[in-house]
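Below, all heavy atoms of this structure are taken into account, side chains as well, without hydrogens, waters or symmetry copies. Everything numeric here is computed off the predicted structure, so don't read it as measured data. Naming: A, B, ... by sequence-line order, numbering from 1 per chain.
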Amino acid sequence: MLPLELIRREPDRVRHAARLKGETAPIDEILTLDEEWRAHLHKAETIKAEQNTLSKEFAKTRDEALKERLREMADRSKAELAEAEAVKRKLDDLLLRVPNLFHESVPVGETEADNVVLRDWGSKVELGFAARTHYDLGESLGIMDFERAARVAGSRFAFLIGQGALLERSLAQFMLDVHTREHGYTEVWPPMLVNSGSMTGTAQLPKFAADAFKVEGQDLWLVPTSEVPLTNLHREEILDADRLPLKYTAYTPCFRSEAGAAGKDTRGFIRLHQFSKVEMVKVTTAETSMEEFEKLTADAEDILQRLGLHYQLMAMCTGDMGFAQYKKYDLNAWCPGIGRYLEVSSCSVFNDFQAMRANMRYRPARGAPPRFVHTINGSGLALTRTVDAIIETFQRADGTVTVPEVLRPYMGGLEIIGGR
RNA sequence: GGGGAGGUGGCUGAGUGGUCGAAAGCACCCGCCUGCUAAGCGGGUAGGGGGUGUAAAGCUCCCUCGAGGGUUCGAAUCCCUCCCUUCCCGCCA
């Protein structure tokens, strides 16, 4: 969230940023409630201060008239405080609904069409025959099954079977190995259900509850991304500066209701209620966050390059960026079968937006007051869609698929999926 | 799931109604002392918020001893609910 102080001082700046992001921000209500809150609080504290002084006096004098007066003061200060707290609760809820600002380098725009290609690595593969889709190939190879998944779970679920499941697992292991051994991340096995506090910390709540799955009757949510447990790992902590930046990576399933995506991407292994992802999260300082964000993006790109997949690095425009992000890049991998680029990674820097929500701070130096950390995350990569890109890019005329060399050691030396 | 114990500052840990945001120790920081180090001596070191300062500093007040509520003029301390930790039993991948 944004500091209340900033909204007080520069409401127009916040309004403007929200507008360009295509979001709404209840700034006027916030300003009104802010004044109300402080008025009540001030009154409550004034009474309380006098009360505290007189109470000490009573301890000595045991004067009954004073006791009566104190009793009455206690009632008044409590009532005032309750009033202040009620207003503050409303205020806090609204604050959680104010979108983040954005970095000056973010292109201003409204839709996907206004995003900017920053890098274009490799080129569209020349197959020399008509490209088939991953779901067509997957089904005929017997490594993907959507029909049975629909029966077992419902639409937007899938089975990976045999070498398909092996491919997914090998990809996960390959990515984790690269990130931990070469990029300096610490592997984490996080909780895959989290509470509302964590969901609020990373800004899935309160605005986007409809996008996630909640466990019935309990304060537990299925993680929509391991960004949630990883970023919240140090929630409510004051970290030592010399520990930063923290770099975590995790391989987890992700669960999303896809509530707003009815009718979109219904075919194939693209938009599922459950997919898996290797995630990277960094916790750092204001001074280094933009640089660490670029590096994290490069870590994701490295995976695509090693796999030999053509991709584009897109700078998201203000309107396509999202509520919480300060700056965001997407990595889109080319899929010749479906004939379009699929988002296989999304890397974002949040500044202190998440840190304020999660109350995550660090101490710059001994004795210095704590400051909010900056958080960064990105997929490195989304496994399901990477599977798609691999199948479509490395398909062969006979419907089998060449395994990228870097994955072969993880697949028992397998060179061709569906080969014999 | 049943029963017991417990949650206090960076850590250990005292504190059962006011003199307690909190003893003592450790750790850390700043001085002094010492040829250096260690020891010793003195001082300092929680977080959040309001008011007042252009801002920082400062001054001042309020809140916080797992969370929330209650009793009381007054709560770390008494009562209730919840959460978490831990031990024993049961169950279990």
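- The L41(A) side chain lies nearest to rG50(B) when the options are rC73(B), rC62(B), rG50(B).
- Looking at heavy-atom distances under 4.0 Å, R76(A) makes no contact with the nucleic acid at all.
- Only the C1' atoms considered, rC26(B) is 26 Å distant from rC84(B), to the nearest whole Å.
- Nearest-nucleotide positions on RNA chain B place E5(A) closer to the 5' end than the other of E5(A) and F58(A).
- Within 4.0 Å of K78(A), counting heavy atoms only, lies at least one base atom of the nucleic acid.
- Both L66(A) and H42(A) lie close to RNA chain B; mapped to their nearest nucleotides by heavy-atom distance, the more 5′-ward contact belongs to H42(A).
- Counting any heavy atom pair closer than 4.0 Å across all strands shown, N52(A) reaches sugar-phosphate atoms only and no base atom.
- For the residue pair Q173(A)/Y251(A), the side-chain donor-acceptor check at 3.5 Å is not satisfied.
- Within the structure, a side-chain polar atom (N or O) of R38(A) is placed less than 4.0 Å from OP1 or OP2 of rG51(B).
- Distances were taken from every side-chain heavy atom of K67(A) (C-beta onward) to each of rG74(B), rC73(B), rG18(B); the shortest belongs to rC73(B).
- Between F323(A) and F353(A), the distance from one ring center to the other falls under 6.0 angstrom.
- For S55(A) and rG18(B), a side-chain-to-base donor-acceptor distance below 3.5 Å is present, hydrogens and geometry of angles not being considered.
- Here rG35(B) is in the anti range [glycosidic angle more than 90° from 0].
- H374(A) and D352(A) form no side-chain donor-acceptor contact under 3.5 Å, judged by distance and modelled atom types alone.
- Comparing the same atom, P, in rC29(B) and in rA46(B) gives a spacing of 16 Å after rounding to whole Å.
- To the nearest angstrom, C1' of rC73(B) lies 10 Å from CG of L54(A).
- Candidate nucleotides rG18(B), rG51(B), rG48(B) were compared by shortest atom distance to the side chain of R62(A), and rG18(B) ranks first.
- Base-pair partner of rU52(B): rG58(B) (Watson-Crick or G-U wobble, both distances under 3.5 Å).
- Within the nucleic acid shown, K48(A) comes within 4.0 Å of sugar-phosphate atoms alone, with no base atom in reach, counting heavy atoms only.
- Here R363(A) reaches the OP1 or OP2 of rG47(B): one of its side-chain N or O atoms lies under 4.0 Å away.
- A salt bridge (Lys or Arg N to Asp or Glu O under 4.0 Å) with E301(A) is found for exactly one of R119(A), K295(A), R306(A), namely R119(A).
- For R361(A), the listed nucleotide lying nearest its side chain is rG47(B); candidates were rG50(B), rG47(B), rG18(B).
- Using the Watson-Crick or G-U wobble rule with both distances under 3.5 Å, rC28(B) pairs with rG44(B).
- For an aromatic pair to be called close, the ring centres must be under 6.0 Å apart, and F293(A) with Y326(A) fails this.
- When the P atom is compared between rA23(B) and rG18(B), the two are found 16 Å apart, to the nearest whole Å.
- Base pairing analysis places rG68(B) opposite rC80(B); the two distances defining the Watson-Crick or G-U wobble pair are each below 3.5 Å.
- As judged by a 4.0 angstrom heavy-atom cut-off over every strand, P369(A) is placed among residues making no nucleic acid contact.
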